[in-house]
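Presented below is the structure to which this report refers.
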Amino acid sequence: MTELPPEVWQRIAEAGIRVLRIPTPFQVGRVNTYLLEDEPLTLVDSGPNSGKALDELERQLDALGHRIEDLELIIVTHQHIDHLGLVDIVANRSGADVAAIDVAVPFLENFGDDAERDDEEAAALMRRHGISEEVVRALRQVTGSFRAWGSKVKVSRPLHDGEQLRLRDRELEVQHRPGHSPSDTLFWDADRKIQLAADHLIQHISSNPLISRPLDGSAQRTQALVTYLESLKRTRELPAEIVLAGHGEPITDHAALIDSRFAMHQRRAEKLYGLIAEQSRTGHELAQAIWGDVAVTQAFLTLSEVIGHVDLLENAGYVSEVAEGEVIRYEATSDTPADQLGDLIPGGNPVPAQG
Ligand SMILES: [Zn+2]
């Protein structure tokens, strides 16, 4: 990885923003939480619900001259456990307000109550896309044990998309940009051109458009990747100079990075189309053709990826679903070659990156 110029870190520090990297038990590694040395003293995300994460959070706050008890506001960027697990504990100890996007409040406050229903729906989805009962059962165990790293979160300060969150030294525009999860919320400091982006955009990995239950409780599956790409397009238009992500390093060329993501998703959709054009396949067969064994150990994740890209192909009229008993197979509905599908990304991106 290329080192960031020291000026970038200097600007982040001058903005009163400190990065605390909190350990997680997940493959993604540490999660970035951000301390805003402002009034109120604000923590953006918390890390997962574990003693180790809490120790590290305390230690890193202490190194900056703060204690958990000093925190006055905690912002939740999205509903994933590596980001929110400690929020409740930290809020109880400090008495801090907890802010989160309004649409996520029922999910956050009832975290885990619908676990069984979530699992059943995920299991049904996996079966429908050709994943064996054995793998489905193994995955349910993993998901169940992971849930302990999350927690319910009591939200005292619901945020609304587009509102300005005012702190003494800054205004942050609240931007609901779903896709990676239904509750992804970004915080845009227009004066400093700094974006707090959580997992919406990450330098070293593409954000998975995970299939999630809609926050409004509706039964209809949302097209997570399509939603994500639309959100990404809006972020690309911002004149951001520094994007602070939920994992990894600050991003200083967000438009170029987003363009490379668009190109990657286009290529991946073309590749899947090529596989489907060869022969009809289930979602799981497609995942295996691309990721091999990873499609088994990470069956839900890879299936989410496949379904997201096949949504693009279905929306463009190149692929359709055929039911074979309980299982869905995808088949091509066109003989267009894979390299001539045209732009599959909604709203496309013909404009080259600036700067
Ligand atoms: Zn996440």
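Atoms within a ligand are numbered from 1 in the order they appear, just like the ligands themselves. On a predicted model such as this, the values are computed, not experimentally measured, just so you know. Atom set for the values below is all heavy atoms of this structure, side chains included, hydrogens, waters and symmetry mates excluded.
- For the Zn ion (ligand 1), the set of nearby N, O or S atoms under 2.8 Å includes one belonging to H80.
- Its N, O or S atom nearest to the Zn ion (ligand 1) is what matters here, and for H180 that atom is NE2.
- Ring-plane geometry between H83 and H78 is classed as tilted, the angle between the planes lying from 30 to 60 degrees on a 0 to 90 degree scale.
- No other N/O/S atom of D199 lies as close to the Zn ion (ligand 1) as OD2 does.
- No more than 12 heavy atoms of other residues, nucleotides or ligands sit less than 6.0 Å from atom CD of E134.
- Restricting H78 to its N/O/S atoms, the shortest distance to the Zn ion (ligand 1) is reached by NE2.
- The pair D97-K154 does not meet the salt-bridge criterion, since no charged nitrogen lies less than 4.0 angstrom from a carboxylate oxygen.
- Within the 3.5 Å criterion, the main-chain N or O of T282 finds a donor-acceptor partner in the side chain of E285.
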